[in-house]
Peer 1: 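Below is a structure I'd like to ask you about.
Each chain gets a letter, A, B and so on, in the order its sequence line appears, and its residues count up from 1. Note that the structure is a prediction, hence the values are computed from the model and not measured.
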Amino acid sequence: MTTLYDTMTGSVTQLINPGQEAFSLYVCGPTVQDRPHLGHGRIMATYDLLRRHLRNKGLAVNLVMNVTDVDDKIISRAQAEATTYQAIAHHYEAIWWETMDRLGIERPDATPHATEWVQGMIEFIQELLDVGAAYVIDDGVYLRIASVPHYGLLTKQDFDQLQPGNRVEVNPLKESPLDFAIWKRTDSTEPGFDAPWGFGRPGWHTECVTMSIALLGRSFDLHGGGMDLIFPHHENELAQAQVLGVPFARHWAHVGFVEMNGEKMSKSIGNTLDLTDAITQFGGRAVRLAYLRAYYRSPLELSPAVLNDTLASLDRIDNFLDRGESGDVNTDTLATFIESLDNDLDTPTAFSILFEQVREGNIDFDRQHLKEGGDKIATVHAMLSWIGLAPSDDALVIPGEISDAVKAREQAKRDRDYTKADQLRMLIEASGFVVSDTKDGTQLRRDRRNSPRASMNSDD
RNA sequence: GGCGGUGUGGCCGAGUGGUUAGGCAGAGGCCUGCAAAGCCUUGCACAGCGGUUCGAAUCCGCUCGCCGCCUCCA
């Protein structure tokens, strides 16, 4: 029983059918024109969570994510920097994947690039023309919204009621202001491709509909992206599929915005936080936790202060995991955790379950109930693994000189030479460990906060 | 102007009729040589005003605020 909110129906609905074994997922990927910011990471983290969740439940998930590697912004940036659009695209795409790796985002199964699919798009546009749903004018080919049976299913707007005054100036050659370009004719000095309707570039909305159908089929399980893609992007993809009688996505999902000071984080407002920098400063796992602990459809306030708080709560989890030997997973508790994710990816409830285990496990260790505590470590670790947030499982390795220093410090404590004991503690802590004196002797744990954050395993 | 969302304690963030969400920060305590970590205790939180109800953050009405989409945008 896995449910997810569907933008089309406006309600939480079944995501997978009984007996379903495979799951096809298309997520609108980046336009590689600049560095990713915190908003981009949230989309990727959300669909990475969904993908892992479904796969851990036993489905074969096929994730396709496009890369828009030619568009107006890439081209103008290339002109500004006196280079080619290909160079710009390659540069920022490399940064994109490196950054997502550090967030623990698994690579998609396929990453079609717009420039590789131009021929397919040309054929697709020809189909639209053949059925009379598109027309050619001076500056390109346009989709005729009037030929779309039910335009506005996702947006849920009555387009007849729209105020024309608010629209940017309309191309007077278009039959309707709503009609959108599926092929943009350009002059041959600009980057472009030959097509029957003249040299030019495909429209963005045509890119995604063409590639999703080509790689996932005429009907696939889920089409997703950020909230801002609902209109016009996804509405227009759907419009093109509709006029060709393509069933298209069974389910539509959209992730809420990352905000800063209550406003959508976006380039135009200038309130973005660079994702790569945030990961460098707080660690990929802390950023990932910051995304996941909120409900994916809600707006999420992120700032350096919030990320710092999130890092503190991650430390709480990690400190617990270091308290003892891992035991046996409590499968009932894990099941409760998974059930909350089944409920429209209810990660807030999932984390409240996880933190409850942490607190109870800490009590176990305080009371020397090592078996019970160890079982809770195993359970928490299983939860973290399920959602791609487990720490890299490098074992706690204590160098000989450090264990010598610990022994010397314990002796100094017995001798009540606290000056020496404190000097030794400083020495130990300089090596990235934290000293904990307990009734049963000194324990060491890793100083995760002040040491470089380990990169994440993406294959757990 | 149209459509949609939202307003929860210092901060982040769940919750949709009656019991502690959770985390971070703060205060007090336990433990400790001192710490750290952990545990315990602690916050009359639900934008405002009316209404329904035995009982509302949760339902209804009105008011106010904020945000988003309508243009490339994750």
Peer 1: Could you tell me the separation between the CD1 atom of A:I428 and the C1' atom of B:C34, rounded to a whole number of Å?
Peer 2: 15 Å
Peer 1: Starting from C1' on B:G68, measure out to CD on A:E259 and report it in whole angstrom.
Peer 2: 8 Å
Peer 1: What is the distance, rounded to the nearest whole Å, between atom CG of A:N362 and atom P of B:A36?
Peer 2: 16 Å
Peer 1: Measure from CZ on A:R323 to C1' on B:A37 and round the result to the nearest Å.
Peer 2: 7 Å
Peer 1: Are A:K264 and B:C69 close enough that a side-chain N or O sits under 4.0 Å from OP1 or OP2?
Peer 2: yes
Peer 1: Nearest whole angstrom, please: distance from the P of B:C34 to the CZ of A:R416.
Peer 2: 11 Å
Peer 1: Please state how far atom CG in A:D315 lies from atom P in B:G38, giving the value in whole angstrom units.
Peer 2: 9 Å
Peer 1: For a quick check of understanding: with a heavy-atom distance under 4.0 Å over all strands, which category does A:G39 fall into, base, sugar-phosphate or nothing?
Peer 2: base
Peer 1: Please report, rounded to the nearest Å, how far the C1' atom of B:G23 is from the CZ atom of A:F351.
Peer 2: 10 Å
Peer 1: Could you tell me how far B:G10 sits from B:G51 if I compare only their P atoms? Round to whole Å.
Peer 2: 28 Å
Peer 1: NA contact type, A:D72, heavy-atom cut-off 4.0 Å: base, sugar-phosphate, or nothing?
Peer 2: nothing
Peer 1: If you look at every strand shown and take non-hydrogen atoms under 4.0 Å, does A:Y418 touch a base, only sugar-phosphate, or nothing?
Peer 2: base
